[in-house]
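As the structure is a prediction and not an experimental result, all values here were calculated from the model. Quick note on labels: first sequence line is chain A, next is B, and so on, each numbered from 1.
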Amino acid sequence: MALKVYNTLTRKKEEFKPIEQGKVGIYVCGPTVYGHPHIGHAKSYVGFDVIVRYLRYKGYKVRYVQNITDVGHLTDDADQGEDKIAKRAALERVEPMELVEKYMFSYFEDMDSLNVLRPDISPRASGHITEQIEMVTKLIESGYAYDVNGSVYFDISKFRDYGKLSGKKLDDLEEGVRIDVNPEKRHPSDFALWKRAEAEHIMQWNSPWGKGFPGWHLECSVMSMKYLNATFDIHGGGIENVFPHHECEIAQSESANGQQFVKYWMHNNMVTVDGQKMGKSLGNFVTLKDAFKKYSPLVVRFFVLSTHYRSPMDYSDEALSSMEKGMNRLHNTIKNVREMLSLAELDGDVSVNEGFKLSSGRTLGEYKDIFIEAMDDDFNATKAMGILFDLSRDTNAFIGSGGKVDYGVLKGIDSTFRVFGGDILGIVPDSFGEAEGVNGDQMDSLMNLIIDTRKKLRDLKNWELSDEIRNKLDEIGLVIEDTSGGATWRRK
RNA sequence: GGCGGCAUGGCCAAGUGGACUAAGGCAGCGGAUUGCAAAUCCGUUAUCCCGAGUUCGAAUCUCGGUGCCGCCUCCA
């Protein structure tokens, strides 16, 4: 079975073949840290998290680089406008780098909550000014860029392939210009590699062209090539960055090196909120911190994965709460399995039995096959998640079938959930933690006491009181389930 | 105006020519189980926006509509 990846460059699914056998270099456009991360960040970075996790599962040694943009991203991509960081810093009355620290931590905090693994390198644009200046120099020397009054622009007419990623033609672009053309540019689509800084601009560095700061597109080229290679395997990002950002990255990188920049371009789709585009101007931004007040981060992750990474995702309360119920059901199955298993393992080691035919007719080995088949098809985590639900139903039927349970099968089920649900999709925790502030053992003892007491009441057929206890516990979020084998409890 | 994408059951969402008599989740309904609940299991709820065409065969390809969305300005 071969892994297939949809490549924006060719607009086709292609078999994934890394440049260097057994290794993958992947660069994903990171956030511009001038505000708290929002649900769009979750879609993007959870999506790529699963991609990276799966590549590792497949045995690749992956180096995952994701930048932090802390300078140069203007409020207007036509190279006018203000620097987003500087603007926001002025608003919050802090140093730009203070602002950057604050929101970078906020970003990592939320990503950690979403169970997104940290990139191997999180390079910051402001930490790579020297390298960026070097690249601009190289482009000027080779005739791809020109400097005007202390700003340097990339000369788009020198790069024949401009538009190969986005499918745009230069002629068409000129037509639709809705913004004032910067008179310094030779062609309206020429883009800034280096910007002259006005005296009052807070962030500026010395350069051969005077004081200034790097253009936004430059950092990604410089940092990806520094930590990966002049040609590397995967470059990812949001679909809205295909043009102009990634197109410009290609132009400057391939001009500088005379070789292909990226082999596979991967783009994830956008988020809408209640069917409407989420945008600053529309004021319908959902920050992750807000979402987490209502839904656990794992629910948000679950929700993100319920839509394929290349499809748009609509955020709504209805969708989130239906996901929450689904996730709880899945987790519940796994909790039951682990409980039974831990009891069984008190009596000695259990060896895995993968060959057992579950009631769907599938064995665990077959589950593994179809799961991998789904993931191999351009990381179809949505389909893969559906397979986990199939396994959940099979598991429940297996547990509830009565008679003696083969613990080897249970152990196989548990490890299947751990690897596919946990390691790869990141939606199944290693352990289901206890509520904070309450000692787990104490809580268990307390609940066992209540369960024992209720059993006595129920033996006396005192339904009224035993039901009252069950209902009251339910109200405070503790669910008692009376089964033929005795009562169990769980948190809602 | 230019370029690109999407349209699947009540809702969300996989599936891009033949095991689809269309996954999975949520919601609903019927049944099993239960003292009653809960949980769980079983069954049940769609011919894939409209029209024409290609094909032995189409949700899946082509053309023409209709609707929505994205990029070309902010934003992952």
Within the structure shown, what part of the strands sits under 4.0 Å from [X] by heavy-atom distance: base, sugar-phosphate, or nothing?
{"X": "A/Tyr45", "answer": "sugar-phosphate"}
{"X": "A/Arg310", "answer": "nothing"}
{"X": "A/Asn336", "answer": "nothing"}
{"X": "A/Ile480", "answer": "base"}
{"X": "A/Ser166", "answer": "sugar-phosphate"}
{"X": "A/Thr272", "answer": "nothing"}
{"X": "A/Glu318", "answer": "sugar-phosphate"}
{"X": "A/Asp390", "answer": "sugar-phosphate"}
{"X": "A/Lys43", "answer": "nothing"}
{"X": "A/Gly40", "answer": "base"}
{"X": "A/Val271", "answer": "base"}

Determine whether a donor-acceptor pair (one donor, one acceptor, N or O, separation below 3.5 Å) exists between the side chain of [X] and the base of [N].
{"X": "A/Arg470", "N": "B/C36", "result": "yes"}
{"X": "A/Arg329", "N": "B/G25", "result": "no"}
{"X": "A/Asp467", "N": "B/G35", "result": "yes"}

Do the charged groups of [X] and [Y] touch, with an N to O distance under 4.0 Å?
{"X": "A/Arg124", "Y": "A/Glu101", "value": "yes"}
{"X": "A/Lys289", "Y": "A/Glu109", "value": "yes"}
{"X": "A/Lys4", "Y": "A/Asp376", "value": "no"}

*Are A/Tyr64 and A/Tyr27 an aromatic pair by the rule of ring centers under 6.0 Å?*
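Between A/Tyr27 and A/Tyr64, which both carry aromatic rings, the centre distance is not below 6.0 Å.
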*On RNA chain B, check which nucleotide each of A/Lys383 and A/Arg393 is closest to and give me the residue with the more 5' one.*
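The residue whose closest nucleotide sits nearer the 5' end is A/Lys383.
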_I want to confirm an ordering. Mapping A/Thr32 and A/Thr333 to their closest nucleotides on RNA chain B, which one lands closer to the 5' end?_
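This one resolves to A/Thr333.
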*Closest to the A/Lys168 side chain: B/C71, B/A76, B/A38?*
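The nucleotide sitting nearest to the side chain is B/C71.
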_I want to check a possible cation-pi pair here: A/Arg310 against A/Tyr6, using under 6.0 Å from ring centre and within 45° of the ring axis as the test._
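Judged by the rule, A/Arg310 and A/Tyr6 form a cation-pi pair.
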